[in-house]
Structures are given as C-alpha cells and as structure tokens.
Amino acid sequence: MSLPDVLAGIREAERAAGRPEGSARLVAVTKGQPVDVIRSDILAHGTFPLAEGRAQELRDKARELPEAEWHFLGALQRNKVKYLRPVSLVHALEATWQAEAIAEAAQGWGHAPDVLLQMQNGEPQKHGVEPEDLARVLGEVRATGLNVRGLMVMAPYDQPEAAEALFRDTARRAHDLGLSELSMGMSDDYPLAIAAGATLVRVGRSLFT
Ligand SMILES: *Cc1c(COP(=O)(O)O)cnc(C)c1O
C-alpha cells in the first residue's frame, strides 16, 4: 500500500456509501516517520494534513516542514501544550482542563487550534469523554473560546468487530450535538468509518508499507 492506494480506497468507500467525492479527507499520520520519508511518500503526492501523536516530535518536524497543515492526535499532557503552536486541529481532547490550557497558550500564539472531542470507546483504559458527558464537556470547552468542530473516536483494539456499531453511534451523537466533523477510521477500518460518515480518516501504516 501507498498513499495513492489509500486515496483510491477512500474514493471507493465514498462511492459505495453514496457520498460525494472528497467528503472524507485523508489525514496522514506520520508518527515515527522521518521528514525525508514524509516528503517522498506523502507530500510528493499532494497536500495533506499531517498528524503526530507526540507533541515534541510534532514541534521538531513542523520546524522542518512549516508549510504543512499539522494535526495532533495524541493524549495531551499539560506540560506539552507549549509544543502545539503549529497545530490547526487537536483530534483527541478529553478534558476541560486541556481546553483551558490550549486556550491560554493560544493567547500568546495569536491563534488557536480547532478541537475535536474524543469519545470513549468502551476499552478499559478509557481515553476520551464518556458519551453521556459529551454535551457538558462541549459546553465547557466552548466556554474557553475554542472552536469544537466535531468528535473523534478509535475502535477498540481488542474487538474490531465492534468498530462499525461504534462509528455509527459516534456519528449519531455528533449529529445530535450539531457537530459536523467526524474523525474516525485508521488503516484497518477506514472503509467502515467512511460508510458510517467519517469526514477525516487518520491513516498511518498503510501509507508507508
Ligand atoms: C497511530 C494512530 C493512527 C494511525 O493508525 P494506523 O493503524 O497506523 O493507520 C490513527 N489515530 C491515532 C489516534 C493514532 O494514534
């Protein structure tokens, strides 16, 4: 697989779901990949948002590729917020304090990233906001001034067969909350996520193997 194969897969999933071409956007997950590989395997094919899971790695790569659109999809620690200056979208916000810390740092930056709320997926380690708390956290995060564009979810590692129901549930909740952006689907399950309404698919491994 390579980026053109993944793009073809995305187009095919859009068609199969009766969705307009381009309604699901590829976010290239570049964690662990050196900058020269990002140039040759991703940016040589066009312009795509690049996503990292570690704040310092993002800061370092964004220095070398300042023209790229950068997304952060890791779990955010308070002392790492300062590295997110180049970021335009934070995918995995899971607590109000994270929004407060980003909003405060953003005052010094002169610009703020948009955010997505990560929804809990039922796994024991419980990253994300419990579904029943989404409306409350949405209100709290909006009160910081950040723009909440949508929801993000990850399929549980241990039960991929649960992914489809989870993606459909997430899409329904986003709709009920009036949120339009849906970040869901990775290398193994992005066609399912597109069928359920994903607008951003976060693909890593398939771009580089
Ligand atoms: C690593 C990662 C991805 C990409 O996963 P692949 O299986 O490499 O496609 C997507 N989302 C998050 C949150 C990740 O950490």
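These figures come from a predicted structure and were not determined experimentally. Note that these values count all heavy atoms, side chains included, but never hydrogens, waters or copies made by symmetry.
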Exercise. For the side chain of S187 and the backbone of S206, is there at least one donor-acceptor N/O pair under 3.5 Å apart?
Worked result: yes
Exercise. Is the closest side-chain heavy-atom distance between E140 and R136 below 4.5 Å?
Worked result: yes
For this session: Could you go through the side chain to side chain contact (heavy atoms under 4.5 Å, CB included) check for V27 and V201 one step at a time?
Result: CA-CA 6 Å; V27 175; V201 292; over 6 Å; no
Problem set entry | Distance, nearest 0.5 Å, that separates NE2 of H111 from OG of S88 | 10.0 Å
Exercise. After noting the C-alpha distance and the side-chain angles of D188 and R205, does the key distance pass the side chain to side chain contact (heavy atoms under 4.5 Å, CB included) rule?
Worked result: CA-CA 9 Å; D188 294 332; R205 282 169 301 134; 3.1 Å; yes
For this session: Using modelled atom types only, decide if a donor and an acceptor are shared between the side chain of D189 and the backbone of M186 within a distance under 3.5 Å.
Result: yes
Exercise. Is it true that E14 and R11 make a salt bridge, defined as a side-chain N closer than 4.0 Å to a carboxylate O?
Worked result: yes
For this session: Check whether any side-chain heavy atom of L151 sits under 4.5 Å from a side-chain heavy atom of L134, and report yes or no.
Result: yes
For this session: Evaluate the side chain to side chain contact (heavy atoms under 4.5 Å, CB included) criterion for residues R54 and K31: first the C-alpha distance (whole Å), next the side-chain angles of each, then the deciding distance (0.1 Å), finally the verdict.
Result: CA-CA 8 Å; R54 290 169 191 248; K31 60 190 184 198; over 6 Å; no
Exercise. If you round to the nearest 0.5 Å, how far is CG of L177 from CG of L117?
Worked result: 8.5 Å
Problem set entry | Euclidean distance, M184 CE relative to T170 OG1, rounded to 0.5 Å | 6.0 Å
Exercise. Hey, are the side chains of Y83 and L58 touching, using non-hydrogen atoms and a 4.5 Å cut-off?
Worked result: no
Problem set entry | Non-hydrogen side-chain atoms of V35 and D60 separated by less than 4.5 Å | no
Exercise. If you take all heavy atoms of G74 and F72, which pair is closest and at what distance?
Worked result: O-CE2, 3.5 Å
For this session: Give a yes or no on this: more than 12 heavy atoms of other residues, nucleotides or ligands lie within 6.0 Å of atom CD of E130.
Result: yes
Exercise. Among the clusters formed by ILVMFWY side chains lying less than 4.5 Å apart, do L200 and L179 turn up in the same one?
Worked result: no
Problem set entry | Flag, side chain of N121 to backbone of M154, donor-acceptor distance under 3.5 Å | yes
For this session: Answer yes if F48 and I194 sit in the same cluster of Ile, Leu, Val, Met, Phe, Trp and Tyr residues linked by side chain heavy atoms under 4.5 Å apart, and no otherwise.
Result: yes
Exercise. Do you know which of L3, D5, V29, L7 makes side chain to side chain contact (heavy atoms under 4.5 Å, CB included) with L207?
Worked result: L3
Exercise. How long is the gap from CG on L93 to CG on L138, to the nearest 0.5 Å?
Worked result: 10.5 Å
For this session: Look at R39 together with D36 and state whether they make a salt bridge at an N to O cut-off of under 4.0 Å.
Result: no
Problem set entry | Atom of L182, atom of A174 and distance for their closest heavy-atom approach | CD2-CB, 3.9 Å
Problem set entry | Any side-chain heavy-atom pair of V141 and V115 under 4.5 Å | yes
Problem set entry | Side-chain H-bond candidate by donor/acceptor type, H127 with Q120, under 3.5 Å | no
Problem set entry | Residue pair I42 / F208: nearest heavy atoms and the distance that separates them | CD1-CZ, 3.8 Å
Problem set entry | Side chains of E181 and T199, donor plus acceptor under 3.5 Å | yes
Seminar exercise, completed: Residue set satisfying side chain to side chain contact (heavy atoms under 4.5 Å, CB included) with A143, at least two apart, ordered chain then number -> none
For this session: Determine the minimum heavy-atom distance between W109 and K82, stating which atoms define it.
Result: CZ2-O, 4.0 Å
Exercise. Which distance, rounded to the nearest 0.5 Å, do you find between the CG of L89 and the CG of D114?
Worked result: 6.0 Å
Exercise. Does atom CZ of R19 have more than 12 heavy-atom neighbours from other groups under 6.0 Å away?
Worked result: yes
Exercise. Between the main-chain N or O of E94 and the side-chain N or O of Q98, is there a donor-acceptor pair closer than 3.5 Å?
Worked result: yes
Problem set entry | Lys/Arg N to Asp/Glu carboxylate O, D176 vs R173, below 4.0 Å | no
Problem set entry | R25 bridged to E69 by N-O distance under 4.0 Å | yes
Exercise. If you group Ile, Leu, Val, Met, Phe, Trp and Tyr by side-chain heavy-atom gaps below 4.5 Å, do V153 and L76 land in one group?
Worked result: yes
Problem set entry | Single-linkage hydrophobic cluster, 4.5 Å side-chain cutoff, M152 and L146 together | no
Exercise. Counting N and O atoms only, with roles assigned by atom type, does the side chain of W97 sit under 3.5 Å from a partner on the main chain of R78, one being a donor and the other an acceptor?
Worked result: no
Problem set entry | Non-hydrogen atoms of V87 and V90 that approach each other most closely | CG1-CG2, 4.0 Å
Exercise. Given side chains that start at C-beta, do those of V6 and M1 come closer than 4.5 Å, heavy atoms only?
Worked result: yes
Exercise. Taking C-beta and beyond as the side chain, do M119 and L166 meet within less than 4.5 Å on heavy atoms?
Worked result: yes
Exercise. Should W70 and T30 be marked as a side chain to side chain contact (heavy atoms under 4.5 Å, CB included) after you check the CA-CA gap, both sets of side-chain angles, and the distance that decides it?
Worked result: CA-CA 10 Å; W70 289 95; T30 50; 4.2 Å; yes
For this session: Taking all heavy atoms of A55 and all of L84, pick out the closest pair and write down the distance.
Result: CB-CD2, 4.1 Å
For this session: State, with a plain yes or no, whether a side-chain heavy atom of P4 is found less than 4.5 Å away from one of H45.
Result: yes
Problem set entry | E52 with K61: basic N within carboxylate O range, under 4.0 Å | yes
Exercise. How many angstroms lie between atom NE2 of H91 and atom CG of L116, to the nearest 0.5 angstrom?
Worked result: 5.5 Å
For this session: Look only at the side chain of E57 and the backbone of G32, and say whether a donor-acceptor pair between them is shorter than 3.5 Å.
Result: yes
Exercise. Just by distance, with hydrogens left out, do R202 and S183 show a side-chain donor and acceptor under 3.5 Å apart?
Worked result: yes
